[in-house]
Amino acid sequence: MESISRIHQLDTSVINKIAAGEVIERPASAVKELLDNSVDALATRIEVDIMNGGADLIRVVDNGEGIHPDDLFLAVSSHATSKITSAEDLFSVQTMGFRGEALASISEVSRFRIRTRTADQTQGLEFEVNTGTAGKPQPCGCPLGTSIEIRQLFANTPVRRKFLKTIKTEFAHISEQFTRAALAHPRLYMVLRHNNKVIFDLPPSDNLIDRLRLFYGKKLADHLIWVESQVDDIHIWGYVSHPSENKSTRKGQYLFLNGRWIQDRTLQHALTEAYRGLLMVGRQPISFLYLDMPASMVDVNVHPTKSEVRFRDGQHLYRQLLSTLRSQFLSMDLQSQMSLGKKGDVDPASIKAPLTPQQQQSQMELTSWAKEQLGQIAKDHSAIQINSAPRSISSTPDLAAPFTSKDAIPLAKFQEAAYQLKAASMQPADMFVPENEREESQFAEVATADLRPIQVLNCYIVVEIKGALTIIDQHALHERIMYEYFRKRVLAQSVEAQKLLVPLTIEMSPKETALILDHAEMLNSFGLGIEEFGGNTLLVTSYPVMLKKANLEQLVRDIADNLDNSKQPSRRDLLDSLITMMSCKAAIKAGQRLTQEEILSLLEQRHLIDDAHHCPHGRPSALVLSHAELDRQFGRMG
C-alpha cells in the first residue's frame with residue numbers, strides 16, 4: 001500500500017514558475033509588465049526592441065527614475081514591491097503594477113538582465129538572473145533609467161516555448177500591448193522595433209487624435225466623434241466611431257481606467273445599447289474611451305493581469321456612459337449620413353456609367369419584349385421551363401453566382417437578349433443549372449401551374465410546396481447555396497479570382513496586419529491576393545469573382561477580426577469559418593427587393609444542395625405550416 005502524500009511547502013523556484021504561468025502567458029505578457037513598470041517609474045521615453053516575436057529577445061529601455069542599488073535583489077524577488085505597504089493600500093492603488101510578481105516570474109523562466117541608474121548615482125549597476133539563478137550586481141555605464149533584457153523566454157520550460165505561435169502572430173500580440181500602452185499614455189515618446197526594423201516611432205502628443213491617426217490611419221480618425229461628461233468625481237472622455245465605421249467583433253473597443261487598459265462587460269453593453277438602431281445586427285462600434293475616477297471607487301485586484309476590475313457602482317457608470325453617448329448622437333445628424341446605405345452593401349467601383357441614348361433605347365425594347373414573354377408564360381405554364389438555359393449561352397454555368405434585383409435575369413431568353421446588350425451593362429447572373437441536373441431539378445416540387453411565390457417584408461418568400469405553406473428566409477437560403485458552391489471550389493482549388501488593375505491599399509492596426517499576412521497563403525486559396533506594402537499597409541491584388549459586389553476593404557477587416565477571434569483553430573475550422581463569412585457577404589440581403597424571376601431562380605437552386613434547411617450558421621432557412629395545422633388554427637377540425 002502506497003504511503004499517503006504529505007503536505008509540504010513549495011520551493012520558491014516552483015512558486016515563481018507557477019506565478020509565471022499565471023502572469024506570463026506569452027512574450028506579449030512580459031512586454032506588458034515591463035511597460036507598466038516603465039510608466040510607474042515616471043518615464044517620458046520608452047523604447048521596445050523585439051527579436052523573432054519576443055522568443056529570442058525582449059528589451060525595454062526607459063528614462064525613468066531607475067532602481068536603487070540596494071533594491072536590485074528585491075526587484076526579482078516574489079511579492080516585493082514599492083507600490084503598496086499594507087492591505088489597505090489595495091483599495092487605493094494608483095500605479096500600473098503593485099503585486100511584485102512580474103520580474104520574479106520572468107527571471108525564473110528566462111535569461112534576464114537589468115541595467116539601471118538613479119539620478120543620485122554616478123554609475124549604473126548591471127544584474128543578471130539566469131533562469132532563477134541570480135548573479136552579483138556589477139558596476140556599468142548607463143544613462144538615467146532602466147534597461148531590461150529578456151532572452152530565451154521559457155528557456156527552462158520547453159513545453160511552454162513549444163506552444164508559442166508563429167513569429168508574426170506573437171509579434172501581433174506584442175504590438176497590441178504596445179498599442180494599449182501608447183493609447184493610454186499619448187504624452188510618452190514610444191518606439192517599437194522588430195528585428196531591428198522600426199515599426200512605430202511615436203512622438204509625444206497632447207492631442208489623442210494625433211496618436212489615433214498614426215495607429216489607425218486618417219480614414220478612421222476623420223470618422224471619430226468626441227464625447228465627454230463629468231458627473232461628481234467620474235470623468236468619461238474619448239472618441240467613438242461614426243456608425244459608418246464598425247467591426248464584426250469588439251476588438252476595436254478600447255477602455256482605459258486611470259491610464260490602465262481594462263475590459264468590462266457592463267460598459268461594453270452600454271456602448272452597444274448606445275448604438276442600437278444605428279448599426280446592423282452583429283456589427284460593433286469602435287471606441288477609445290477613458291475613465292478617470294478616484295482609486296477608492298474601483299478594485300483592480302481581481303485579476304492576475306489586472307485586465308478586469310470591479311467598480312463600486314457599475315450601474316451608475318453604465319447610465320453615465322449610455323447617457324453621454326446618446327446625448328452626443330442626438331445632437332448630430334447621423335441618420336442623413338447613413339441613409340446612403342449600409343457600409344459594404346455598395347462598392348463604389350461597381351457603380352456603372354450612365355447609359356447612352358442608343359443603349360437606353362435597346363433596354364426599353366428588351367423590357368417591352370420581356371413583358372410580352374411573361375404574358376405568354378402566364379397563358380402556358382409549361383413555358384416556365386425556358387429557365388433551363390441553352391448550352392450555347394455558357395459553357396460553364398455558375399450555380400451560385402451572386403445576384404441582385406438590378407442585374408439578375410435568370411430566364412434563358414432574358415439571358416440571350418442581355419448578352420447582346422453587354423455594352424449596356426446588363427450583366428445576367430448565371431442562375432440556371434447544369435444540363436445533367438436539369439431533369440431532376442426542373443423546379444422540383446415547385447414547378448406547378450399554381451406556383452405563386454411572393455416576397456413579403458423584402459425578406460421572406462412565401463410559397464405553397466406539397467400542400468403546405470412554406471416561408472423561406474431569402475438571405476439564409478442564398479447563403480447556404482453560396483456556402484456549398486464556394487466550399488466545393490475552395491476544396492478543388494478552383495476559385496475564380498479577378499486581378500485588380502490598381503491594387504487596393506488598406507491601413508490596419510499592427511496586430512491585424514500581422515494576422516492577415518500570417519494567413520496570406522490560405523487567403524490566396526480563396527482568390528484573395530494579399531501582399532505587404534510596408535508599415536501597417538496591405539495591398540489587395542485580387543479578389544474572388546463571387547464577391548465582386550462586396551466592399552473589399554471591409555471584407556479584409558472582417559477577416560482580420562475573424563482570425564483574431566479564433567482561439568487556436570485548426571486549419572479546417574479556420575477554412576470553414578472564412579467560407580461561412582464570405583458566403584454571408586456574397587448572399588442577397590434581408591431587405592433586398594427581388595423580382596419574380598429572381599425568386600423562381602432562388603427556389604430552383606434550393607434543390608441542388610444537400611442541406612437547404614439551414615444556413616451555414618445553423619439558422620433555419622425555411623419554416624413549414626401544414627394544411628392540417630392551418631385548419632386547426634382556423635377551427636376547421638372535425
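Computation of the quantities below employed the complete heavy-atom set of this structure, encompassing side-chain atoms and omitting hydrogens, waters and symmetry-equivalent molecules. Sequence positions, counted from 1, serve as the residue numbers for this chain.
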If I take atom CG from residue Asp56 and atom CD1 from residue Ile150, how far apart are they, to the nearest 0.5 angstrom? 13.0 Å
Using only atom types and a distance under 3.5 Å, with no angle test, would you say the side chain of Ser107 pairs donor to acceptor with the backbone of Leu103? yes
Is the CZ atom of Phe533 crowded by more than 12 outside heavy atoms at less than 6.0 Å? no
Side chains of Asp233 and Met293 in contact at under 4.5 Å (non-hydrogen atoms): no
Give a yes or no answer on whether the side chain of Thr266 reaches the backbone of Gly314 with a donor-acceptor pair at less than 3.5 Å. no
Does the side chain of Thr249 pick up a donor-acceptor pair with the side chain of Gln284 at under 3.5 Å? no
Indicate yes or no: at least one non-hydrogen side-chain atom of Leu220 is less than 4.5 angstrom from one of Leu212. no
Given side chains that start at C-beta, do those of Arg557 and Ile559 come closer than 4.5 Å, heavy atoms only? no
For the residue pair Phe215 and Phe200, does the interplanar ring angle fall in the parallel (under 30°), tilted (30 to 60°) or perpendicular (over 60°) class? tilted
Check step by step if side chain to side chain donor-acceptor pair (under 3.5 Å) holds for His235 and Glu228. CA-CA 8 Å; His235 184 204; Glu228 184 176 15; 2.8 Å; yes
Which is it for Arg26 and Glu170 under the salt bridge (Lys or Arg N to Asp or Glu O under 4.0 Å) test, yes or no, and what are the steps along the way? CA-CA 8 Å; Arg26 62 195 331 151; Glu170 293 299 339; 3.1 Å; yes
Residue pair Glu149, Arg111: steps toward the salt bridge (Lys or Arg N to Asp or Glu O under 4.0 Å) verdict: CA-CA 8 Å; Glu149 289 185 3; Arg111 295 178 175 86; over 6 Å; no
Please check: side-chain N/O of Arg211 versus main-chain N/O of Pro203, any donor-acceptor pairing under 3.5 Å? yes
Kindly indicate, with the supporting measurements, whether the criterion side chain to side chain donor-acceptor pair (under 3.5 Å) is fulfilled by Thr131 and Glu108. CA-CA 5 Å; Thr131 60; Glu108 188 69 41; over 6 Å; no
In this structure, CD of Glu245 is separated from CD1 of Ile225 (nearest 0.5 Å) by 10.5 Å
Check whether the side chains of Ser205 and Asn207 place a donor and an acceptor atom closer than 3.5 Å, and report yes or no. no
Is the CG atom of Asn196 crowded by more than 12 outside heavy atoms at less than 6.0 Å? no
Any donor-acceptor pair under 3.5 Å from Asp232 side chain to Ile234 backbone: no
Side-chain contact test, heavy atoms from C-beta onward, threshold under 4.5 Å: evaluate it for Arg312 versus Ser296 and give yes or no. yes
Thr505 versus Leu538: any side-chain heavy-atom pair under 4.5 Å? no
Which atom of Pro27 lies closest to which atom of Leu153, heavy atoms considered: CA-CD2, 3.7 Å
Atom CZ in Arg250, atom CD1 in Ile286: separation rounded to 0.5 Å? 13.5 Å
How about Phe311 and Tyr318: are their ring centroids closer than 6.0 Å? no
Checking salt bridge (Lys or Arg N to Asp or Glu O under 4.0 Å) for the pair Glu126/Arg115: CA distance, chi angles, key distance, verdict? CA-CA 4 Å; Glu126 179 178 295; Arg115 288 180 175 178; 2.6 Å; yes
Polar side-chain atom of Thr169 near backbone of Lys165 as donor-acceptor pair, under 3.5 Å: no
Backbone N or O of Val129 within a donor-acceptor pair of the Thr133 side chain at under 3.5 Å? no
Any chance you could lay out the salt bridge (Lys or Arg N to Asp or Glu O under 4.0 Å) test for Asp62 and Arg45, step after step, and finish with the verdict? CA-CA 6 Å; Asp62 67 58; Arg45 182 185 180 103; over 6 Å; no
Check whether the side chains of Asn37 and Glu33 place a donor and an acceptor atom closer than 3.5 Å, and report yes or no. no
Interatomic distance, CD1@Ile506 vs NZ@Lys219, rounded to 0.5 Å, equals 8.5 Å
If you define the side chain from C-beta out and look only at heavy atoms, does anything of Leu271 sit under 4.5 Å from Gln253? yes
Of all heavy-atom pairs linking Ile24 and Phe154, the shortest is O-CZ, 3.6 Å
As an exercise, state the distance from CZ of Arg265 to CD of Gln263, rounded to the nearest 0.5 Å. 9.0 Å
Would you say that Trp261 contacts Leu255 through its side chain, given a criterion of any heavy-atom pair below 4.5 Å between the two side chains? no
Aromatic contact, Tyr290 with Tyr254 (centres under 6.0 Å): no
How far apart are the closest heavy atoms of Met51 and Asn195, and which atoms are they? CA-OD1, 3.3 Å
Take Ile530 and Asn524 through the side-chain contact (heavy atoms from CB on, under 4.5 Å) test and state the conclusion after the steps. CA-CA 7 Å; Ile530 301 288; Asn524 190 58; over 6 Å; no
Counting only N and O atoms by type, is there a donor-acceptor contact under 3.5 Å from the side chain of Asp264 to the main-chain atoms of Leu267? yes
Under 3.5 Å, is there a donor-acceptor pair between the side chain of His194 and the main chain of Phe171? no
Donor-acceptor under 3.5 Å (Arg117 side chain, Gly141 main chain): no
Nearest-0.5 Å distance that lies between atom CD in Glu532 and atom CG in Leu517: 5.0 Å
So, Asn63 and Thr44: side-chain donor and acceptor under 3.5 Å apart, yes or no? yes
Note: Gly66 and Thr146 closest approach over all heavy atoms is CA-OG1, 3.4 Å
Can you name the nearest heavy-atom pair linking Asp561 to Glu512, along with the distance? OD1-OE2, 3.7 Å
Is a salt bridge present between Glu47 and Arg59, judged by a nitrogen-to-oxygen distance below 4.0 Å? no
Over all atoms of both residues, closest heavy-atom pair of Ile50 and Gly53: CG2-C, 3.7 Å
I'd like to know whether Arg326 forms a side-chain contact (heavy atoms from CB on, under 4.5 Å) with Glu273, so could you lay out the CA-CA distance, the side-chain angles of the two residues, the decisive distance to 0.1 Å, and finally the verdict. CA-CA 9 Å; Arg326 283 187 172 171; Glu273 281 297 306; 4.0 Å; yes
Relative to the ring of Phe127, is the ring of Phe73 parallel (under 30°), tilted (30 to 60°) or perpendicular (over 60°)? perpendicular
For Glu128 and Gln138: C-alpha separation, side-chain torsions, deciding distance, then whether side-chain contact (heavy atoms from CB on, under 4.5 Å) applies. CA-CA 9 Å; Glu128 293 187 2; Gln138 300 291 334; over 6 Å; no
The test is side chain to side chain donor-acceptor pair (under 3.5 Å); show your working for Tyr189 and Asp201 and say whether it passes. CA-CA 8 Å; Tyr189 194 118; Asp201 191 337; 2.6 Å; yes
I'd like to know if the side chain of Ser331 and the backbone of Gln328 have a donor-acceptor N/O pair within less than 3.5 Å. yes
Scan Lys251, Lys247, Arg283 and name whichever one has a salt bridge (Lys or Arg N to Asp or Glu O under 4.0 Å) with Asp558. Arg283
Step by step, would you call His223 with Ser244 a side-chain contact (heavy atoms from CB on, under 4.5 Å)? CA-CA 8 Å; His223 285 81; Ser244 61; 3.6 Å; yes
